[in-house]
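What you see below is based on every heavy atom in this structure, not just the backbone, and it leaves out hydrogens, waters and symmetry mates.
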Amino acid sequence: GLLDLRRAAALGHSYGGYAAQASAGARLDTAGFTRECQDLQPSDPRTFLCGALLPHLAEMATAAGLDEVPTGEWPDWSDARVKAAVSLAGNAAPFARKGLAALDVPVLAIGGTGDRDTPYAAGARATFDRAASARKVEVGLRDAEHFMFAGRCESVRLVARLVPNGFCSDPGWLRARAHDVVEHYVTAFLLAELRNDAAAAAELSRTETPVIGVRVQT
């Protein structure tokens with residue numbers, strides 16, 4: 001009696017954020033993503049995402065059990081039990097405009113404006129601008145990078161040695177403080193959407209945020 005399996009939220013970081021959005025209705029749009037990649041300047045950090053994905057569309061289609069690469073939107077892989085989605089530095093670019101318009105459940109998108117792996121414009125900002133959700137929240141942490149969401153380094157020492165650049169520190173944030181901010185907004189969002197908590201919803205609707213370096217749109 002403690003869990004309501006018919007009413008859940010999906011949450012993920014990086015490509016996990018992409019998966020959370022897909023489970024809530026967003027759909028990969030090959031044609032839209034290809035067009036947007038063609039329009040980017042070479043210096044745009046989003047070109048990294050184009051190079052990581054576009055050469056592998058045929059392999060992705062095969063892995064998905066499709067006979068060929070769809071010319072538009074890919075199949076709907078959403079789960080009706082997912083009533084809210086949380087994307088932490090989630091890559092939204094491959095959904096393009098049309099694919100994100102299929103995401104209509106409440107969504108919270110959080111990212112760091114200094115992220116070079118999932119650039120903010122292709123992550124939290126794109127999700128907020130393009131999702132069809134009637135209730136959506138965008139939270140930006142100024143200058144934070146991609147691994148701001150990762151565990152504290154005393155518990156991931158081996159990974160920190162293997163991936164030293166930016167994994168344990170951010171230009172403008174102490175890891176513990178950043179986690180406090182993320183946990184605050186994720187908790188408020190889940191309480192508001194899954195438990196209809198009015199106080200939590202009000203916290204998301206503040207016109208001024210209590211923490212310097214944080215920008216919220218609701």
Side-chain angles (χ1 to χ4, degrees), residues 9-30 32-37 39-41 43-54 74 77-78 82 84-133 135-150 163 165-167 170-173 175 178-179 181-186 189-190 204 209 213-218:
L11 180 150
H13 171 239
S14 194
Y15 276 113
Y18 169 95
Q21 294 174 82
S23 71
R27 298 173 67 176
L28 177 63
D29 178 7
T30 301
F33 182 50
T34 300
R35 284 195 300 271
E36 292 186 4
C37 286
D39 291 338
L40 295 177
Q41 296 297 321
S43 59
D44 193 306
R46 288 173 290 179
T47 57
F48 163 76
L49 302 174
C50 301
L53 184 63
L54 289 179
W74 287 48
W77 287 310
S78 62
V82 175
V86 178
S87 176
L88 308 176
N91 179 9
F95 298 127
R97 186 171 299 278
K98 189 176 180 181
L100 270 172
L103 172 56
D104 59 3
V105 305
V107 60
L108 166 64
I110 306 181
T113 64
D115 193 334
R116 291 165 292 181
D117 295 285
T118 299
Y120 194 76
R125 174 59 48 77
T127 296
F128 183 82
D129 286 346
R130 296 177 170 185
S133 314
R135 296 188 301 280
K136 51 189 177 180
V137 183
E138 172 193 345
V139 179
L141 278 71
R142 187 174 61 208
D143 296 332
E145 295 185 350
H146 193 67
F147 291 109
M148 178 263 292
F149 301 94
V163 190
N165 296 330
F167 195 90
D170 273 276
W173 289 88
R175 183 63 53 86
H179 285 188
V181 172
V182 172
E183 290 165 8
H184 172 80
Y185 285 106
V186 170
F189 177 76
L190 295 180
L204 296 170
T209 58
V214 177
R215 180 176 180 272
V216 179
Q217 289 195 85
T218 301

*Out of Arg46, Lys98, Arg130, Arg97, which one pairs with Glu36 under the salt bridge (Lys or Arg N to Asp or Glu O under 4.0 Å) rule?*
Arg130
If I take atom [atom1] from residue [X] and atom [atom2] from residue [Y], how far apart are they, to the nearest 0.5 angstrom?
X      : Y      : atom1 : atom2 : value
Leu100 : Thr127 : CG    : OG1   : 5.5 Å
Thr218 : Arg135 : OG1   : CZ    : 12.0 Å
Asp143 : Tyr120 : CG    : OH    : 12.0 Å

Restricting to non-hydrogen atoms, name the atom on [X] and the atom on [Y] that form the minimum distance, rounded to 0.1 Å.
X      : Y      : answer
Ala124 : Gly111 : CB-N, 4.0 Å
Ala85  : Ala20  : CB-O, 3.9 Å
Ala24  : Val82  : CB-CG1, 4.0 Å
Gln21  : Ala92  : OE1-CB, 4.0 Å
Leu28  : Pro94  : CD1-O, 3.2 Å
Phe149 : Ala89  : CE1-CB, 3.6 Å

_Option passing side-chain contact (heavy atoms from CB on, under 4.5 Å) with Leu88 (candidates Ile110, Leu108, Val139)_ = Ile110
Answer yes or no: is there a side-chain heavy-atom contact under 4.5 Å between [X] and [Y]?
X      : Y      : answer
Pro119 : Leu49  : yes
Leu103 : Val105 : yes
Thr113 : Leu141 : no
Ser87  : Tyr18  : no
Phe189 : Pro106 : yes
Thr118 : Tyr15  : no
Ser14  : Asp117 : no

Please answer whether the main-chain N or O of [Y] pairs with a side-chain N or O of [X] as donor and acceptor at a distance below 3.5 Å.
X      : Y      : value
Lys136 : Val107 : no
Trp173 : Arg142 : yes
Arg27  : Trp74  : yes
His179 : Met148 : yes
Thr209 : Val214 : yes

*Sequence neighbours left out, what passes side chain to side chain donor-acceptor pair (under 3.5 Å) with Arg35? Give chain and number order.*
none
*Can you sort out the partners of Tyr185 under side chain to side chain donor-acceptor pair (under 3.5 Å), two or more places apart, ordered by chain and number?*
none
*Assign the ring pair His146 / His13 to parallel, tilted or perpendicular, where the plane angle (0 to 90°) is split at 30° and 60°.*
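Tilted.
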